[in-house]
Amino acid sequence: MHLLLLDIRWPPETFLMRKIEALAGCGYRITVGTVDAPRGHIPENVRVLRLPASRRGWMTGVRLFLLAMFNDPMQAFHGLRDVFRGGLDGWRLGVRRWAIAVEKPQIVHWEWTLAAVPCMPLLEEAHEWHAVVSCRGAHISIAPLNPRRRAESERLGDLFACVSRVHAVSEAIVSEGEGLGLRRHKAVVIRPAVDPSHFRESDAIRKDNSVQIVMTGSLIWRKAMEYALLAFQRLRNAGVEAELEVLGGAAKEERDRFLYTVDDLELRGSVRWRGAVASDEVAQRLREADIFLHASHSEGISNAVLEAMACGLPVVCTDAGGMREAVRDGIDGFVVPVRDVEAMAEALVKLARDHDMRRRMGAAARQRVLEEFTLEKQTREWRALYEGLVRERRH
Amino acid sequence: MAGRRMRIVMVCPSFPKTSETFLFQKAAGLMERGHEVMVVCGSSEEWEWERFRGRAMLEDLRRRVRVTAPTRPRWKVGIHGPGVVARSVRNNAKAAGRYLEAGLRGLRDLYLDAEILAARPEIVHFEFGATALGRMHLRERLGCKVVVSFRGYDLNFAGLHDPHFYDEVWEKADGVHCLGEDLWKRAQRRGCPAEKVHALIPPAIDAEFFRCSEPRSFKRAGTKERPLRLLSVGRLEWKKGYEFALEAAQRVRAAGVEIDYRIVGDGSYYEAVVFARHQMGLTDVVTLCGAMDREGVRREMQWADVFVHAAVSEGFCNAVLEAQAMELPVVCSDAGGLPENVVHGMTGFVTRRRHPKEMAERIVELARDAELRRKMGEAGRERVEKHFRVEDQIRAFEEFYQKVMGEP
């Protein structure tokens with residue numbers, strides 16, 4: 001099986017790397033088409049193909065064109081036409097046409113929805129490969145609401161129509177996609193997975209009076225840090241001795257916002273922000289915590305929450321996107337309405353005051369990940385999707 | 001003119017800017033009173049000048065704006081560098097000499113300060129605290145006085161991670177200007193000695209321009225036929241707390257008051273606001289109007305019934321002053337200088353920041369009581385006319401400068 005993953009970063013996000021490694025381990029040949037330089041660890045069976053982001057990378061472009069000429073002269077010329085037709089979109093389209101001509105994959109998969117939009121002309125033509133596009137969250141739940149991005153998002157319906165399958169990370173995303181023209185029979189839900197041996201439970205039992213609350217994930221507006229801090233403040237005001245640790249990088253604006261809010265809510269002594277940390281460190285910090293908090297306004301399904309569950313942490317999260325598909329309210333933790341600071345705080349208080357409940361829910365959370373969100377299950381589902389598509393063509 | 005004519009250099013990142021109209025007003029005001037004003041900034045955009053067309057002193061002021069040579073991309077420094085330095089030496093050899101004594105660092109400073117040096121100022125005024133960092137050497141090298149303004153973000157969250165962020169300013173600046181009591185307290189919390197020469201000069205607005213052109217109607221509002229008209233003016237940024245304002249709007253609606261809410265402004269949180277509006281089911285009653293010039297702002301203020309401002313961090317807020325001048329009752333948060341700006345219970349209501357519930361209750365109160373709206377609106381106009389006049393502000397700056405210069 002030859003798979004081309006288009007327009008992801010290199011090195012990719014942890015969850016994508018896990019997928020790539022797992023599939024490569026099953027004997028898939030995987031090519032990653034990226035605008036980044038191919039550096040860092042590249043697993044076996046994986047090839048990183050650099051795609052020049054703009055005309056500045058014309059040398060790489062020429063190389064790609066020559067390779068394409070060798071493999072598929074027709075497509076190489078079409079690509080030349082795209083590139084000279086003008087604009088950044090033309091360039092992007094042409095370069096990707098060459099990449100496909102060079103690689104001759106059986107499946108082309110866009111892991112980010114809107115990245116596929118510039119390649120629509122390519123998808124609308126007859127082609128020998130199958131196209132899959134992923135819907136992960138913001139591209140489906142937020143971008144289409146933005147009138148300034150209408151030009152892109154108005155084409156989502158057409159995009160869904162001309163790909164073979166649409167992958168969604170949760171049922172909730174499928175429902176939102178339906179509002180944008182996605183047909184249910186084309187949608188495949190494959191939820192993310194975590195590695196339970198990496199994110200494992202803590203062996204030691206913490207003997208400490210203060211309750212450790214942890215949040216992970218980069219500080220961006222839709223993660224609603226300000227709301228989380230408000231809930232945390234209420235928890236402290238309820239007389240609970242608690243500390244909050246936040247792991248995640250931030251751009252300047254959100255960093256300012258976070259630090260200011262911590263200061264303004266007089267939480268400086270009890271909130272620690274550690275910035276972006278490595279995955280090992282995240283696992284370690286999760287193991288040392290008591291409760292995981294996730295206040296997001298919008299989600300596909302949060303990897304951060306799944307990782308915390310794998311570490312045996314009870315979760316307080318908002319009812320955003322597919323979060324209910326991961327966290328069962330009252331079993332693995334509490335699911336509260338979005339933007340509802342009061343409900344969030346109430347759930348935190350309940351968990352903070354009840355050690356047994358924390359342990360029970362934490363154990364249930366880990367069990368749920370072991371059953372529903374394993375890498376094996378996810379890999380099986382990916383293979384079923386890709387191999388099913390290829391078989392379809394043969395008959 | 002009281003006192004003598006002073007040579008003043010105002011330093012700011014960009015000039016003019018519609019969101020920083022007060023700087024334009026101040027420069028023009030000082031010039032009208034006979035002072036020699038020079039504005040040194042990082043950029044000056046033609047389209048911004050367009051928006052100020054028709055203002056008094058526009059052409060005079062335009063001649064007095066100097067843009068500093070670029071620092072980025074780096075190679076541009078190489079191109080401009082020799083010329084800038086040579087010109088500085090010719091303009092003010094003595095001061096340039098003092099720079100060059102400090103070696104390479106001095107050379108770098110000279111490049112950045114070239115325009116200030118050429119102006120031979122008596123007073124250099126950094127209009128925002130953060131821009132004054134690393135520039136205190138101006139005092140000795142140019143033999144001038146250095147004054148620093150703090151207007152909000154520079155004290156509220158710039159450099160919060162570093163307790164010594166402003167130490168050199170506290171130590172060396174000849175004078176500190178804050179917009180109000182709240183900022184002055186913050187400055188002291190962040191290390192400013194209480195005995196520092198300082199002035200609390202609130203912003204001023206053009207009360208002649210912001211005046212109701214026709215009498216407001218005070219009829220029952222909040223019904224389907226005549227929804228309560230809410231207005232917010234301010235950049236779409238996290239500081240302005242629009243998510244909380246929208247939540248308040250949602251609660252007002254839930255209380256049975258129909259609303260028509262317009263938000264004037266634009267910014268990096270546009271998408272966040274659009275999403276919040278959608279998530280709270282307010283898409284049909286909340287309009288994002290984008291940025292507007294002051295004509296547009298006045299028109300919207302004429303239209304509205306209540307002005308809403310839910311900021312979580314604020315300096316003083318000119319838009320709230322303008323709203324009061326336009327006889328609008330204000331419902332605002334208690335961030336920064338807002339409690340000094342709005343008199344709670346008189347010209348509007350001040351509620352706790354990040355508490356949309358309280359805010360909603362006050363809006364509902366105003367929706368049901370047209371007489372209260374009228375009374376508060378009138379009180380607001382009176383307050384602005386009495387306390388926030390441009391002439392008073394310019395005079396206050398003049399006195400402050402004289403104090404800094406050590407003149408009686």
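Note that the structure is predicted; figures quoted are calculated from it, not measured. Throughout, protein chains are lettered first and strands after them, A, B, ... in sequence-line order, and every chain is numbered starting at 1.
- Counting heavy-atom neighbours within 6.0 Å of A:R56 CZ, excluding the residue itself, gives a total of 12 or less.
- Contact annotation for B:E243: both backbone and side-chain heavy atoms come within less than 4.5 Å of a heavy atom of chain A.
- Open room surrounds CH2 on A:W58; 12 or fewer heavy atoms of other groups in view lie less than 6.0 Å from it.
- Residues of residues 334-350 of chain A lying under 4.5 angstrom from chain B, judged on non-hydrogen atoms, are A:V338, A:R339 in numerical order.
- Heavy-atom neighbours of chain B within the stretch residues 146-158 of chain A, taken at a separation under 4.5 angstrom, comprise A:N146, A:P147, A:R148, A:R149.
- No side-chain heavy atom of A:L145 sits under 4.5 Å from any side-chain heavy atom of B:E271.
- Between B:R353 and A:D264 there is a salt bridge, since at least one side-chain N of the basic residue sits less than 4.0 Å from a carboxylate O of the acidic one.
- Around CZ of A:R268, the count of heavy atoms belonging to other residues, nucleotides or ligands within 6.0 Å does not exceed 12.
- Using a 4.5 Å heavy-atom cut-off against chain A, no residue of residues 330-339 of chain B qualifies as contacting.
- With a threshold of 4.5 angstrom between heavy atoms, A:L259 approaches chain B through its backbone and through its side chain.
- Heavy atoms of B:Y153 lying under 4.5 Å from chain A are absent altogether.
- The shortest side-chain heavy-atom distance between A:R257 and B:K239 does not fall under the 4.5 Å cut-off.
- The two atoms that bring B:W238 and A:E253 nearest to each other are NE1-O, 3.5 Å, heavy atoms only.
- Put simply, the side chain of B:F244 reaches to within 4.5 Å of the side chain of A:E226, judged on heavy atoms.
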Please report, to 0.1 Å, the donor-acceptor pairs under 3.5 Å made by any side chain of residues 170-177 of chain A, with sequence neighbours excluded.
{"unit_1": "A:S170", "atom_1": "OG", "unit_2": "A:I173", "atom_2": "N", "d": "3.3"}
{"unit_1": "A:S170", "atom_1": "OG", "unit_2": "A:G300", "atom_2": "O", "d": "3.1"}
{"unit_1": "A:E171", "atom_1": "OE1", "unit_2": "A:R184", "atom_2": "NH1", "d": "3.3"}
{"unit_1": "A:S175", "atom_1": "OG", "unit_2": "A:E171", "atom_2": "O", "d": "3.2"}
{"unit_1": "A:E176", "atom_1": "OE1", "unit_2": "A:S141", "atom_2": "OG", "d": "3.4"}

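- Neither the backbone nor the side chain of B:T283 has a heavy atom closer than 4.5 Å to any heavy atom of chain A.
- Ring geometry for A:Y260 versus B:F157: interplanar angle over 60°, hence perpendicular rather than tilted (30 to 60°).
- When heavy atoms are compared at a cutoff of 4.5 Å, B:R189 does not approach chain A at all.
- Rounding to the nearest 0.5 Å places OH of A:Y227 at 5.5 Å from CD of B:E247.
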